[in-house]
Amino acid sequence: MENGLSYRNEDDRCYGVTGMAVGILVFNGEDMLSSVCLDAEPHSMIEMEDMFYFNGNPGLSAKSAWNRIKANFDLSVAMLISNMMCRSMVLDHETIAPDKRKIVHDIVAEEGKETCGLDDDEINKIFDKEYTILFRVFNHQGVHSVVHDFADTLKRRRRMSRLEILEQLRALSLL
């Protein structure tokens, strides 16, 4: 990640990937998840199903296509926020620095305008909603335990399939 969000070391990468996996589950995007690979390039550590990269289809109505693109954007926002929160709140035991929050918000704003044609109010609404939900998730001590276990497993295995991820994170549904 650029703009001050680069990974510091392998543990930081591991918790970033873990955060993204948690964010995907929290926002019901597990059907889009394919696998995770700790050894991949930072932008490729989370592998998504082809439908996640959907950018239109002449056979679909414009409204259906836009809804799919927007849903994928919403999931991307969740992954970005979750990555930052997991690293800060779970790994480092720190609150989110305002400058990091702003960096993430700016990335979300740029992508929302470019990908979905959203205006600032729509972007702020999405960002604030997801940020609030994910803050509650990553502030929960039970989640910390699940995250630490997942990160340890990922660090050992290096790669996990969708089913392995869902199995490792199923404890989240009990919290």
Side-chain angles (χ1 to χ4, degrees), residues 1-8 12-37 40-92 94-140 143 147 162 165 169 172:
M1 297 183 142
E2 300 295 323
N3 304 331
L5 299 178
S6 297
Y7 296 111
R8 301 176 310 241
D12 200 40
R13 283 173 64 96
C14 205
Y15 279 81
V17 171
T18 300
M20 289 189 282
V22 169
I24 289 169
L25 268 61
V26 167
F27 285 93
N28 301 313
E30 56 271 5
D31 58 329
M32 293 289 182
L33 181 61
S34 178
S35 64
V36 297
C37 180
E41 291 297 316
H43 64 280
S44 301
M45 291 188 297
I46 294 278
E47 297 172 18
M48 304 297 280
E49 295 293 334
D50 290 340
M51 193 62 179
F52 180 77
Y53 303 104
F54 174 85
N55 60 4
N57 178 338
L60 289 178
S61 71
K63 181 179 180 179
S64 294
W66 187 85
N67 285 336
R68 176 77 266 158
I69 291 167
K70 168 119 175 3
N72 293 345
F73 168 73
D74 290 348
L75 194 55
S76 295
V77 172
M79 287 190 290
L80 184 59
I81 294 170
S82 294
N83 180 306
M84 173 192 59
M85 284 191 177
C86 190
R87 292 162 61 197
S88 292
M89 297 173 71
V90 182
L91 178 62
D92 298 335
E94 296 176 356
T95 59
I96 307 301
D99 61 324
K100 284 189 180 178
R101 180 185 166 120
K102 181 176 179 350
I103 290 167
V104 171
H105 180 275
D106 292 348
I107 292 168
V108 167
E110 183 179 328
E111 188 68 23
K113 289 174 185 174
E114 183 179 312
T115 304
C116 301
L118 300 174
D119 65 29
D120 289 337
D121 288 342
E122 293 168 314
I123 292 165
N124 290 338
K125 184 177 177 182
I126 292 166
F127 182 85
D128 291 344
K129 175 187 159 211
E130 292 193 17
Y131 192 95
T132 300
I133 290 167
L134 291 166
F135 183 83
R136 285 188 209 136
V137 167
F138 287 106
N139 206 31
H140 190 288
V143 171
V147 164
R162 176 182 176 275
I165 295 163
L169 293 177
L172 291 176

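Quick note: numbers below take in every heavy atom, side chains included, and nothing from hydrogens, waters or symmetry partners.
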Q: Using every non-hydrogen atom in the two residues, find where A78 and L134 come nearest and quote the distance to one decimal.
A: O-CD1, 3.6 Å

Q: So, are K125 and D74 salt-bridged, with charged N and O less than 4.0 Å apart?
A: no

Q: Considering non-hydrogen atoms only, spot the tightest contact between D12 and Y7 and give its length.
A: OD2-CA, 3.3 Å

Q: Would a 4.5 Å heavy-atom cut-off, applied to side chains only, mark F135 and M89 as touching?
A: yes

Q: Any heavy-atom pair between the side chains of V22 and V137 that's under 4.5 Å?
A: yes

Q: Ignoring hydrogens and angles, tell me if any N or O in the side chain of R87 forms a donor-acceptor pair with the backbone of L5 under 3.5 Å.
A: yes

Q: Any idea which heavy atoms bring G19 and C86 closest together, and the distance?
A: CA-CB, 3.5 Å

Q: Return the CE to OG distance between M45 and S35, rounded to the nearest 0.5 Å.
A: 12.5 Å

Q: Which value, rounded to the nearest 0.5 Å, describes the distance between T95 atom OG1 and R101 atom CZ?
A: 11.5 Å

Q: Should I24 and I46 be marked as a side-chain contact (heavy atoms from CB on, under 4.5 Å) after you check the CA-CA gap, both sets of side-chain angles, and the distance that decides it?
A: CA-CA 10 Å; I24 289 169; I46 294 278; 4.1 Å; yes

Q: CE of M85 to CZ of R136: how many Å apart, nearest 0.5 Å?
A: 10.5 Å

Q: Could you give me the CA-CA distance, side-chain angles and deciding distance for Y15 and D92, then say whether side-chain contact (heavy atoms from CB on, under 4.5 Å) is met?
A: CA-CA 10 Å; Y15 279 81; D92 298 335; over 6 Å; no

Q: May I ask you to test the R8-L91 pair for a side-chain heavy-atom distance under 4.5 Å?
A: yes

Q: N72 and F52: which non-hydrogen atoms are nearest, and at how many Å?
A: ND2-O, 2.9 Å

Q: Among pairs that include at least one residue of residues 114-124, which meet side chain to side chain donor-acceptor pair (under 3.5 Å), considering only residues two or more places apart or in two chains?
A: H105-N124, E111-T115, K113-D120

Q: Give me the atom names and distance for the closest heavy-atom approach of L33 to E49.
A: O-OE2, 3.7 Å

Q: Test side-chain contact (heavy atoms from CB on, under 4.5 Å) on I96 and Y131 and set out the steps.
A: CA-CA 11 Å; I96 307 301; Y131 192 95; 3.3 Å; yes

Q: Taking the side chain as every heavy atom from C-beta outward, state whether M84 and F138 have any atom pair closer than 4.5 Å.
A: no

Q: Restricting to non-hydrogen atoms, name the atom on S44 and the atom on A40 that form the minimum distance, rounded to 0.1 Å.
A: O-CB, 3.6 Å

Q: What's the spacing between K63 NZ and N67 CG if we round to 0.5 Å?
A: 6.0 Å

Q: If you count every heavy atom of other residues, nucleotides or ligands that lies below 6.0 Å from E30 atom CD, does the total exceed 12?
A: yes

Q: Name the residue from E130, K70, M20, M32 that meets the side chain to side chain contact (heavy atoms under 4.5 Å, CB included) definition with L75.
A: M32

